[in-house]
Protein chains: 4
Amino acid sequence: MSNKRGGIMERLDNGDVVIGDGGFVFALEKRGYVKAGPWTPEAVVEYPEAVKQLHREFLRAGSDVMQAFTYYASEDKLSNRGNTASQKFGCTAINTAACRIAREVAQEGDALFLGGVCQTPTYLSGGDKASIQAIFRGQMQTFKAEGADLVLCEYFEHVEEAEWAIEVGLETGLPVACTMCIGPQGDMHGNSAGDCAVRMARAGAKLVGVNCHFDPFVTLEAIKLMKAGLERENLKAYLMCQPVAYMTPDAEKQGCIDLPEFPLAMESRLCTRWDMHRFARAAYDLGVRYIGGCCGFEAYHIRAIAEELAAERGRFPAGSEKHIAWGGGMKMSTKPWIRARSGRDYWENLNPASGRPYSAAMSRPDNWGVTRGSEMLVQHAHETTEEEDNRVKQLGQQMRKK
Amino acid sequence: MSNKRGGIMERLDNGDVVIGDGGFVFALEKRGYVKAGPWTPEAVVEYPEAVKQLHREFLRAGSDVMQAFTYYASEDKLSNRGNTASQKFGCTAINTAACRIAREVAQEGDALFLGGVCQTPTYLSGGDKASIQAIFRGQMQTFKAEGADLVLCEYFEHVEEAEWAIEVGLETGLPVACTMCIGPQGDMHGNSAGDCAVRMARAGAKLVGVNCHFDPFVTLEAIKLMKAGLERENLKAYLMCQPVAYMTPDAEKQGCIDLPEFPLAMESRLCTRWDMHRFARAAYDLGVRYIGGCCGFEAYHIRAIAEELAAERGRFPAGSEKHIAWGGGMKMSTKPWIRARSGRDYWENLNPASGRPYSAAMSRPDNWGVTRGSEMLVQHAHETTEEEDNRVKQLGQQMRKK
Amino acid sequence: MSNKRGGIMERLDNGDVVIGDGGFVFALEKRGYVKAGPWTPEAVVEYPEAVKQLHREFLRAGSDVMQAFTYYASEDKLSNRGNTASQKFGCTAINTAACRIAREVAQEGDALFLGGVCQTPTYLSGGDKASIQAIFRGQMQTFKAEGADLVLCEYFEHVEEAEWAIEVGLETGLPVACTMCIGPQGDMHGNSAGDCAVRMARAGAKLVGVNCHFDPFVTLEAIKLMKAGLERENLKAYLMCQPVAYMTPDAEKQGCIDLPEFPLAMESRLCTRWDMHRFARAAYDLGVRYIGGCCGFEAYHIRAIAEELAAERGRFPAGSEKHIAWGGGMKMSTKPWIRARSGRDYWENLNPASGRPYSAAMSRPDNWGVTRGSEMLVQHAHETTEEEDNRVKQLGQQMRKK
Amino acid sequence: MSNKRGGIMERLDNGDVVIGDGGFVFALEKRGYVKAGPWTPEAVVEYPEAVKQLHREFLRAGSDVMQAFTYYASEDKLSNRGNTASQKFGCTAINTAACRIAREVAQEGDALFLGGVCQTPTYLSGGDKASIQAIFRGQMQTFKAEGADLVLCEYFEHVEEAEWAIEVGLETGLPVACTMCIGPQGDMHGNSAGDCAVRMARAGAKLVGVNCHFDPFVTLEAIKLMKAGLERENLKAYLMCQPVAYMTPDAEKQGCIDLPEFPLAMESRLCTRWDMHRFARAAYDLGVRYIGGCCGFEAYHIRAIAEELAAERGRFPAGSEKHIAWGGGMKMSTKPWIRARSGRDYWENLNPASGRPYSAAMSRPDNWGVTRGSEMLVQHAHETTEEEDNRVKQLGQQMRKK
């Protein structure tokens, strides 16, 4: 695609701050188009208008890159544990449809579009490099064919698999970005966040960083370590950051997916737009130049990032037509006490209450400590059996007792 | 409109439980199409596709009634405190467009559509009955002309204004429903919740109840008092309930708008789908037969109501295609500890953490105690002046110190 | 006893505010001299120096009345469920020793001393009036013989038993005070707080009010209702208030004993001295003229009451020698940031954190709903059997699941 | 002193776990005998019976070592910022009286007694080594003369000052123990916890560890680092641990004194006896062999330690006469739901609620970052001036705004 600001590398090299989009699986699950559990994106074929509308909201909010909804659209995931999406629609059709929707909306603004791959059930099950790269290659050829501006390898818990994905990404000739879903404690194989960044950059990623699994502020702690790793090794790569929009101070190594509320009771952890102002400023100050979001991020979170960085970027998003910075719209309320709530001082210093006096501030995460190679991570095409179901539930109860 | 299950009164008289929809202003504000502060619905003209998409999500989630997005679409509100919507689009055009969108989507399913009016700035400013009824009449004539199935008078803080609205609603010959935004403490003029119900029913409303301002469980406390009032006076009216999807145990007489987090930092109070299961069951058991939502309710909250009452209603919503009751989809997760989270026992007993250790569970509400007739409630067409702005901010600070 | 300020009625009639003492069973349990569970006061015989020291702390803190440690020193309680205190020491010896200690310390200052009775296991077990009054009479004759200045009937859950106690108290010819352990919801037989006050006053109590079971602020809600009841019936009685020093906003009808933390994990609910300033002021403003404490109150809480009311009482307590009002002593700290914490503004506006991010703000109380006459309240002299133990534990688990 | 179990080193060398006592300044402040702010121990002269009673409570609870109440009894502290204790009583008289009380109570059981010194205002003010050691020497000569069994150098924020104290302690010929008030972040001069342990051991301390400033669990994190430091350097010293009894997960480098609740609103952070069971077990498992407490620890906390380690120590404390392990006394309650609360399962798994819905779980600590040499740490004999007072308050408000 051609556009005013140029491709991703030109934008970054010109000093622009690139704004990403938010999390499609969570947003579309709430709207009724994605199933919680498998989280696969066959909605691009089934309900393309709903997907397109979500892209448009992010575009309007300030996103510079439309991320095609290809998350988990790998052959093995689309047919895992009773998922029939692969059989019904086919992996290629899904990746193609996703790219076309993203491209169409990107062209409505001055935006780019990307195609992304992520960690595979095959890797968790112990599959070999060739078969895993074949999965990535299938998706990435579609991205290339549909004219993607860049390729994103994201949501990797093991830097090894991330490297394999980057390798395949480079085959497309497009710029490759890579983000792992890790926190300050590093990847599941014990590689530090700094070492992960170094390995991603050495593998050829032009942008490296973190997405998903941790809240904006914990994520920036990991990015700090990545930045230090790159500096230590004199490597040059842009930093990229797309955290979840849920507060996770209590998450441990595996992030928010270990918290008992994940994924169907995360509401009380949801970030406000004011959290995002703070995040955008801190990310910018740290040197992050691709700032977006993952699960839980909706258009108004992205708009808050775009508004916080409006001076640096030299523009407000289209969506600011319907938003006055720092609650300025409150001056139009009919109630005087709400009119009193306009202004940065008020919102910036508010510690929002939970409204849940029977709930705690933090939860103890599940700590199963299983990773690639563990028997319980071996995936299969048939549905989870009753025996398997009973077994994990018993284990879960034992864990929580501790 | 004609449809399989008949009009609103036939459905109710046949013993069906009617499911409403969720809150348009909050949802569309987050998506970027409504401005927080004035909260007026000119998006129906500006961004009809975005409004239509939201209706479709609720339809798919199980809503039986598409509520045309006419909230605050009264002449005086569309031109209050610098709002230019009236001037740009006109009140009638907005009400007409809203009805047509709602009707179109309703016809895609077996749903009805309604047009609604709500409390007016003119009433708060002390305007007389005739001028206020003229405002309602303008909107309602549009609803009638566009073929609405019923008229809703909602979001009234004073039962007197609700009665005036019902009177005008009856002129249309359509069934009239009426809900007030009050809690167990009654209306702003000191009328008890029970007396409010009695007066709404006597004025001619076929459905009476509560919408907005309070969480599902506090709202049901008010409905209980309304039910008792109706029984005491031997009046027959169906009960209707559309609460906010935010936990508000700390709200006082004026509800969630008094809480310091309102409206731009309510996230941590957001209800989960499991809260809605509990709400739907409790509302049903209390005898409520029109169960929907207001601010904060999104499609998945409505779907939870429809799933909880699937046996009573004899049907699941279309959206259950993408949702397995009580987290059943978790069985398709790649992670064993998440597979362990399928099942009602798990989700029903979870007290979700806030992830905010520096926040409290409750806030002290602003208690300005101003109501109809107070000078500070007099509205005007020009923008809020700097002097007015300073004054409310000073008062706000004094209140919060107490 | 003769003393400068006169007897209890003279003091009250002269307009003095009488300050009570704090809770002996909780304080001495923590110090190692009272057993949690039976909570009986045989320490007066076993460890008189420890009891005397606690009295002295309260005297020094400003208490005007030494309450002899006769709580639960009734024959039936001293031999209930395996308690051997009655057999070892005898009921009369315990009551006598308690009075002598209290009298001795009272004489060290210008203080009075009282003997108290409280609700009996016999009443809970359904015993008749004569046998219950005989129990009270035994204790009260000792109080009279030892020269008590007044008799206190306290900690009654049923106003009927309170009346029976007052009747016996009047036989002594001493002034009789009576406080029930009830909250705004009234007594266990469904009598309102207002009616309870009326019945206590009509029975002959010169002071009526509330002790134990609820925090200072909930207790004052009950006192408000009692005051209204007395005014309604044109009855004159002084108001008396001795709440627990634990925050109990979540307690229901039976108060803090229903909360899951009771009695061995109440620490995080403990009131600060600043809470007591607020309590003392509110109690005074409501017209309460005997202000003291119950479980959890230690000397510094009583001192805070005495300091808050120093102007009204015309004197500071002896203990203020070691205390500068509102944190004034902080000016002597070696650390500058602690020196910055002197002054009322700082402490009055502080919302103290719990330091427990895995804990909630409130608990759901046990709601067994058993009262006088319930089989499970029948007491016996032998130890709780294993069968009984298993049964209550099963019931407890069922309750908590709800 | 001679006694059955021998001196401190014999006990430790024989494998016994030595139990310390709790915090005198906080306990006696609440009882009315110590002034908050200066926190000096002249009560040993003024109110010896009150001090003796507190020693007896700890002895009865299981303490093996009576710690003479000589905390802050250094010449410079007794005359700092308007303190008149030095002038009235004299430093030597105070240290002597404290030793005699401790010795007397120790002899009532099979206990030892120690004298302790702690950090000096002179060090914070930048005084030289000779003058600071002279201060320590004065106190320690008294300890020796009064027959102390060991010398404790405690509550040091800078390991340099701790080394100077140990040097003087060794002059007495008694065994020297040394604990610093530091957490896992190390001392105020940037020395790591591990290095501090190494330096204390090299200076000649037979026991090294941590006291005060952090909760039991944070303290054990620091002890872990100390243990690793000692092992790294092949040094042998016993580990000693006397934390505060307040939960401080939010404390930073300087510990609980930086928290806004310190020192007069710490109640809601107070540990339960069940926290102490957990602490005792974790400390024992880590290899700590001198386990006691500091501020906030009362007799029942020490008793919980003694009960948790009863099997390892081969004895229960005297105070267990009035305590049945794990709430066993609840079986004697008159109420069935409280009888249901006997047993380890119940209390061990309880997360106690705060009862404070308007409070958060954590506070942001003051972070003044001043240490030895800072102008604001220079002490003086006259009272804090009004100008100084205003200055620290202004600074405090600025800090808290951030």
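Just so we're clear, the structure is a prediction, and the values are computed from it rather than from any experiment. Order of the sequence lines sets the chain letters (A, B, ...), proteins ahead of strands, with each chain counted from 1.
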Working to the nearest 0.5 angstrom, can you tell me the gap between C:Glu57 CD and C:Lys52 NZ?
14.0 Å

Given D:Pro352, which of C:Pro260, C:Ser354, C:Ser268, C:Ser363 fulfils the side chain to side chain contact (heavy atoms under 4.5 Å, CB included) condition?
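It is C:Ser268, the one option of C:Pro260, C:Ser354, C:Ser268, C:Ser363 that forms the side chain to side chain contact (heavy atoms under 4.5 Å, CB included) with D:Pro352.
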
Below 4.0 angstrom, N of the basic side chain to O of the carboxylate: do [X] and [Y] qualify?
X        : Y        : result
C:Arg269 : C:Glu261 : yes
D:Lys331 : C:Glu386 : no
D:Arg303 : C:Glu29  : yes
D:Asp366 : C:Lys335 : no

Please classify the contact of D:Tyr246 with chain C as side chain, backbone, both or neither, using a heavy-atom distance under 4.5 Å.
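Neither part, no heavy atoms under 4.5 Å.
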
Engaged part of D:Asn390 at the chain C interface, taking heavy atoms whose separation is under 4.5 Å
neither

Contacting moiety of [X], where chain D heavy atoms sit under 4.5 Å:
X        : answer
C:Trp337 : both
C:Asp389 : side chain
C:Ser342 : both
C:Leu264 : both
C:Tyr47  : side chain
C:Leu259 : backbone
C:Arg339 : both
C:Glu157 : side chain

For a salt bridge (Lys or Arg N to Asp or Glu O under 4.0 Å) check, start with the C-alpha distance between D:Glu46 and C:Lys322, then their side-chain angles and the critical distance, and finish with the verdict.
CA-CA 11 Å; D:Glu46 299 168 307; C:Lys322 290 286 185 190; 2.8 Å; yes

For ring pair (Phe, Tyr, Trp, His ring centres under 6.0 Å), just list the numbers for C:Phe26 and C:Trp39, CA-CA rounded to whole Å, side-chain angles, deciding distance to a tenth of an Å, and then say yes or no.
CA-CA 8 Å; C:Phe26 266 53; C:Trp39 304 111; 5.1 Å; yes

Please rank [options] by heavy-atom pairs under 4.5 Å with chain C and give me the top one.
options                             : answer
D:Ala61, D:Pro317, D:Cys271         : D:Cys271
D:Asp275, D:Asn80, D:Ile302         : D:Asp275
D:Gln53, D:Arg81, D:Lys77, D:Glu383 : D:Arg81

Taking every heavy-atom pair that is under 4.5 Å apart, which of C:Leu395, C:Ile257, C:Thr248 has the most such pairs with chain D?
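Ranked by heavy-atom pairs under 4.5 Å with chain D, first place is C:Ile257.
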
Shorter than 4.5 Å, heavy atoms on both sides: which option in C:Ser320, C:Ser125, C:Ser333 has the most such pairs with chain D?
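Ranked by heavy-atom pairs under 4.5 Å with chain D, first place is C:Ser333.
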
D:Leu377 backbone acceptor or donor facing D:Gln379 side chain under 3.5 Å:
yes

Is it true that the NZ or CZ of C:Arg341 lies under 6.0 Å from the centre of D:Phe262's six-membered ring and within 45 degrees of the ring axis?
no

